A.B. asks: 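What follows is a structure written as structure tokens; I'll ask about it next.
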Amino acid sequence: MSTQHAKAAERFIRNKAQEEWHNETLRLVREKRDRQALLLPCWEQLRQLASQIKMHTITHLDKYIEQFANQAEANGAIVHWAKDAREHNDIIYAILGEHQVKKLVKSKSMLTEECHLNPYLISRGIEVVESDLGERILQLMDKPPSHIVMPAIHIKRQEVGKLFEEKLHTEKGNSDPGYLTHAARLHLRNEFLTAGAALTGANFGVAATGDVVVCTNEGNADMGTSFAKLHIVSMGIEKVTPHYQALSVFVRLLARSATGQPATTYTSHYRKPRKGCQMHIVLVDNGRSDILGDADHIQTLKCIRCAACMNTCPVYRRSGGYAYTYFIPGPIGINLGMLKSPGEYYDNVSACSLCYSCNNVCPAKIDLADQIYKWRQQLYSLGKADRTKKLLSGGLRYIFTRPALYGAALRLAPIINKTPRFLIYNNLNAWGKGRELPAFAKESFTRMQEKGKIT
Amino acid sequence: MSTKNDILSNIRSHSGKTYAMPVIEPDAIRYTDTAARFMEVLKSVGGSAIELQEGEDINARIMSLYPEARSIASNLPEIRIATINPDEIATPHLLNGTALAVVRGEIGVAENGCVWIPQNVKEKAVCFIAEYLLILLDKNNIVSNMHEAYAKIGFNDYGFGVFISGPSKTADIEQALVIGAHGAKGVVVFLTA
Ligand code: SF4
């Protein structure tokens, strides 16, 4: 029996060259991340600290989010609270209406995707312009992102060339990335200069100072907010961080984990509105406070949305973002989807080989794979488990709940390829169907990690 | 107001076990020659740094680096060749078309090539809209890592500040790195003694 994910993955892998490219490209991003991590002897310490700081912060969230709001208000920002997506959208629409804004320029925000803000505003007559290049490409194509950091990773340059030919009147047949990026720069510059409001997400909100911190490589958040008289920040309540000391840990981890850069080009601190302008911050719950009460899944709230877990995930790399039914793909998306609506998104829990690579790269040390395993167990009570899944989780459970055996199986894997083949690459894992059995690494991941080759 | 209270009380009603804040003292990397490391890393992210000699004429150096630059935006008194003062324009839109912007950075960070630039002009647009960005930085103000940087950064009354690490970039088309997405296409840091 095939899940939605398996069916979509099958479509993705039918284009062999594209699948190879996707897999290879993201593997290289993962490698870049490893190189950066190895440059810092304190990398594992940073991950541990990030995890602890987040656990502290989210278990004192009432205190920190209120402190952040008070501080931001003292700085001159206007703070709004939104219980759910609908309130978030209503608030933003009301702010735009009050200022008679016709055009909103946006930098990347997964939260506004989560709230379906764009269609909401567009249907009410607001022109919405995404300004991150990847997001803009997808918006012009009327497609959703397939990755949370590299949204258009699944689109080929020729497709962008054709799209720009039609929409931005670029030269026919020119699909050079430099040329196309330059065309987008000119096109979006005009949008920045003419938009009535700029919306940004928030990578972090600093409780002690009220700063909203936004990290980009393109500079689009800064361009938007430099011209429009209105800056709207859409921020999930879990994005709050106590102070600069804590922030420094996350800033060091974020870009290195995401793209293997030592820092994003711009790490912008928005503390006060520009002179004569307004800054509105919309703090959004939308289910986050409920997750606090879920001991099995509370750790999802530690996520800093770096996408390292996607880049390392063998299933994601081989199946692409659209294979998942939730808008955030990969290991974190599987979990967030289940937390949002298990009945709707249970399909994705099969998109995991329980290789645990995500747990090992996550800068906040979220127990991603353990959580996915738990969801699989719960599928029975949800009435969503079929025989395949029963067998799958049964077999894996046996081995994953016995750390010694798990270690042994992996260490032995290079010698006895058949054992893990049965457990991992067989018909039980529908997304793996029709694939060559990948050669196991000469050394197991855990071994390499012990020897310090992987961190 | 009531939504705020609803959210806060929902947070409280779902709170269980609490965790303590750890002591944040990682064995963060420290460089003996922070300027050398800064220059190296900045180069690796597409920027460059130039050490100015004592007594060197900044204006002459800028002109030799950017002979084509017709419009130069800066509010720094020592930049005599500036053609636009971003403190004196009516709207930031007038900065569109600026070839070069010259701003002062306050802290350099060796581990990632970042320079902290607290907004010190009326229009922060100047840091982003110019085709090329030149940052003046005192060589003695380069720290090793972000922990040290965050312990030192300050703001002016404008209430905005940004760490900039090299030129604006994107890899959104097939992961091909392109310099000059929306912000500066080139970033040079002048290190002064
Ligand atoms: S779960 Fe971890 S690795 Fe995945 S996006 Fe979030 S922080 Fe990054």
Side-chain angles (χ1 to χ4, degrees), chain A residues 25 40-42 45-46 49 52-53 55-56 59-62 66 75 81-83 87 133-134 137 150 152 156-157 160 177-178 180-181 185 188 193 217-220 222-223 226-227 237 244-249 251-252 261-263 265-272 285 289-290 292-293 295, chain B residues 3-4 6-8 10-22 24 26-29 41 45 92-93 96 111-114 122-125 127-129 145-147 149-151 155 158-176 178 180-183:
Chain A
T25 305
L40 297 188
C42 65
Q45 252 182 338
L46 286 176
L49 281 171
Q52 290 171 328
I53 295 168
M55 281 315 280
H56 167 75
T59 57
H60 297 82
L61 193 55
D62 54 338
E66 207 174 4
N75 294 340
W81 299 76
K83 231 180 297 183
E87 282 190 10
L133 176 58
I137 290 169
M150 299 168 263
K156 303 309 290 176
R157 65 180 68 187
V160 182
L180 296 174
T181 301
R185 176 185 172 98
L188 284 165
L193 293 171
N217 276 323
E218 298 186 2
N220 53 325
D222 290 304
M223 281 297 285
S226 288
F227 298 96
I237 52 174
Y244 276 177
Q245 232 196 338
L247 177 67
S248 66
V249 172
V251 170
R252 293 187 82 199
Q261 294 170 259
T265 300
Y266 303 97
T267 304
S268 305
H269 287 242
Y270 299 93
R271 183 174 286 189
K272 295 181 181 179
D285 185 339
S289 58
D290 291 337
L292 285 171
Chain B
T3 307
K4 173 182 176 179
D6 288 352
I7 293 175
L8 290 175
N10 206 40
I11 292 174
R12 286 180 194 123
S13 70
H14 284 97
S15 295
K17 189 174 168 200
T18 59
Y19 291 78
M21 180 67 129
I24 307 175
D27 306 316
I29 204 144
V41 176
V45 297
H93 300 71
N96 194 22
E111 70 162 323
N112 57 17
C114 279
K122 178 167 158 261
E123 297 300 346
K124 70 183 169 84
C127 299
F128 311 105
I129 197 168
N145 56 58
M146 288 305 273
H147 308 295
Y150 270 116
F155 284 75
Y158 287 114
F160 173 84
V162 57
F163 284 102
I164 297 185
S165 168
S168 151
K169 50 184 90 68
T170 182
D172 274 350
I173 302 176
E174 277 193 16
Q175 277 297 291
V178 179
H182 297 300

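So you know, we letter chains A, B, ... as the sequences are listed, proteins then strands, and number each from 1. None of the values given here were measured: they were computed from a predicted structure.
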A.B. asks: With only heavy atoms counted, which part of B:Asn96 is less than 4.5 Å from chain A, the side chain, the backbone, both or neither?
C.D. replies: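 Side chain only.
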
A.B. asks: Pick one of side chain, backbone, both or neither for B:Ala28, based on which atoms fall under 4.5 Å of a heavy atom in chain A.
C.D. replies: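 Answer is both: backbone and side chain atoms of B:Ala28 are under 4.5 Å from chain A.
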
A.B. asks: I need the residue from A:Ile237, A:Thr25, A:Asp285, A:Leu193 with the largest number of non-hydrogen atom pairs under 4.5 Å to chain B.
C.D. replies: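 Option with the greatest count: A:Leu193.
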
A.B. asks: Which residue out of A:Gly219, A:Ser268, A:Ala246 racks up the most heavy-atom pairs below 4.5 Å with chain B?
C.D. replies: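 Option with the greatest count: A:Ser268.
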
A.B. asks: Please step through side chain to side chain contact (heavy atoms under 4.5 Å, CB included) for the pair B:Asp172 and A:Glu218, ending with a clear verdict.
C.D. replies: CA-CA 10 Å; B:Asp172 274 350; A:Glu218 298 186 2; 3.2 Å; yes

A.B. asks: Let me know if B:Lys17 has heavy atoms under 4.5 Å from chain A in its side chain, its backbone, both or neither.
C.D. replies: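 Contact with chain A is through the backbone of B:Lys17 alone.
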
A.B. asks: Does any heavy atom of chain B fall under 4.5 Å from the side chain of A:Asn75, the backbone, both, or neither of them?
C.D. replies: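 The answer is neither part of A:Asn75.
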
A.B. asks: Mind checking whether A:Ile53 and B:Tyr19 have side chains closer than 4.5 Å, heavy atoms only?
C.D. replies: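 Sidechains of B:Tyr19 and A:Ile53: no contact.
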
A.B. asks: Which residue out of B:Gly16, B:Gly159, B:Ser15 racks up the most heavy-atom pairs below 4.5 Å with chain A?
C.D. replies: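 Among the listed options, the one with the most contacts to chain A is B:Gly159.
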
A.B. asks: Any side-chain heavy atom of A:Gln45 sitting closer than 4.5 Å to one from B:Asp27?
C.D. replies: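 Yes; the side chains approach each other to less than 4.5 Å.
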
A.B. asks: Walk me through whether A:Lys83 and B:Asn10 qualify under side chain to side chain contact (heavy atoms under 4.5 Å, CB included).
C.D. replies: CA-CA 10 Å; A:Lys83 231 180 297 183; B:Asn10 206 40; over 6 Å; no

A.B. asks: Let's go through A:Leu180 and A:Leu133 carefully: what are the C-alpha distance in whole Å and the side-chain angles of both, what is the deciding distance for side chain to side chain contact (heavy atoms under 4.5 Å, CB included) to 0.1 Å, and is it a yes or a no?
C.D. replies: CA-CA 10 Å; A:Leu180 296 174; A:Leu133 176 58; over 6 Å; no

A.B. asks: Can you tell me which portion of A:Arg157 sits under 4.5 Å from chain B's heavy atoms? Options are side chain, backbone, both or neither.
C.D. replies: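 Contact with chain B is through both the backbone and side chain of A:Arg157.
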
A.B. asks: For each of B:Tyr158, B:Phe163, B:Tyr150, tally heavy-atom pairs with chain A at distances under 4.5 Å, and name the one with the top tally.
C.D. replies: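 Looking at each of B:Tyr158, B:Phe163, B:Tyr150 in turn, B:Tyr150 comes out on top.
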
A.B. asks: Among A:Gly134, A:Ser226, A:Pro177, which has the most heavy-atom pairs under 4.5 Å with chain B?
C.D. replies: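 With the most close heavy-atom pairs to chain B, the winner is A:Ser226.
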
A.B. asks: Do you know which of B:Ala176, B:Ala149, B:Gly161, B:Ala151 has the most heavy-atom pairs under 4.5 Å to chain A?
C.D. replies: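 The residue among B:Ala176, B:Ala149, B:Gly161, B:Ala151 with the greatest pair count is B:Gly161.
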
A.B. asks: Under 4.5 Å, counting heavy-atom pairs only, tell me which of B:Met146, B:Arg12, B:Gln175, B:His147 racks up the most with chain A.
C.D. replies: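 That would be B:His147.
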
A.B. asks: Go through B:Ile29, B:Asn145, B:Ile129, B:Ile164 and name the one with the most non-hydrogen pairs under 4.5 angstrom from chain A.
C.D. replies: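 Top option by heavy-atom pairs under 4.5 Å: B:Ile129.
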
A.B. asks: Answer whether the closest heavy-atom distance between the side chains of B:Val45 and A:Pro262 falls below 4.5 Å.
C.D. replies: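 They are in side-chain contact.
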
A.B. asks: Checking B:Ser165 side chain against B:Asn112 main chain: does a donor-acceptor pair fall under 3.5 Å?
C.D. replies: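 The answer is yes, because a donor-acceptor pair under 3.5 Å joins these two groups.
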
A.B. asks: Decide side chain to side chain contact (heavy atoms under 4.5 Å, CB included) for A:His269 and A:Leu247; before the verdict, give the C-alpha distance in whole Å, the side-chain angles of both, and the deciding distance to 0.1 Å.
C.D. replies: CA-CA 12 Å; A:His269 287 242; A:Leu247 177 67; 3.6 Å; yes

A.B. asks: Does some side-chain heavy atom of A:Lys156 sit less than 4.5 Å from a side-chain heavy atom of B:Glu174?
C.D. replies: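 Heavy-atom side-chain distance check passes, below 4.5 Å.
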
A.B. asks: What part of B:Val178 is in contact with chain A, defined as an atom under 4.5 angstrom from a non-hydrogen atom: side chain, backbone, both or neither?
C.D. replies: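 For B:Val178, side-chain heavy atoms alone lie under 4.5 Å from chain A.
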
A.B. asks: Is the gap between the ring centers of B:His182 and B:Phe128 under 6.0 Å?
C.D. replies: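 Ring centres of B:Phe128 and B:His182 not closer than 6.0 Å.
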
A.B. asks: Find out whether B:Val41 and B:Glu111 are in side-chain contact, i.e. whether some heavy atom of one side chain is under 4.5 Å from a heavy atom of the other.
C.D. replies: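 Sidechains of B:Glu111 and B:Val41: no contact.
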
A.B. asks: Given heavy-atom pairs under 4.5 angstrom as the criterion, report whether the side chain, backbone, both or neither of A:Leu46 touches chain B.
C.D. replies: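 When you check distances to chain B, only side chain atoms of A:Leu46 fall under 4.5 Å.
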
A.B. asks: Select one option (side chain, backbone, both, neither) describing which atoms of A:Ala82 are under 4.5 Å from chain B's heavy atoms.
C.D. replies: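 When you check distances to chain B, only backbone atoms of A:Ala82 fall under 4.5 Å.
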
A.B. asks: Pick one of side chain, backbone, both or neither for A:Val249, based on which atoms fall under 4.5 Å of a heavy atom in chain B.
C.D. replies: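 Answer is both: backbone and side chain atoms of A:Val249 are under 4.5 Å from chain B.
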
A.B. asks: Is any side-chain heavy atom of A:Asn217 closer than 4.5 Å to a side-chain heavy atom of A:Tyr266?
C.D. replies: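 With C-beta onward as the side chain, the pair stays apart.
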
A.B. asks: Given that the side chain runs from C-beta out, which part of B:Glu123 has a heavy atom under 4.5 Å from chain A: side chain, backbone, both or neither?
C.D. replies: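 Interface part for B:Glu123: side chain.
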
A.B. asks: Check whether B:Phe155 gets within reach of chain A through its side chain, its backbone, both or neither, counting any heavy atom under 4.5 Å.
C.D. replies: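 Only the side chain of B:Phe155 comes within 4.5 Å of chain A.
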
A.B. asks: Which bit of A:Gln261 is near chain B, if near means a heavy-atom gap under 4.5 Å: side chain, backbone, both or neither?
C.D. replies: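 Interface part for A:Gln261: side chain.
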
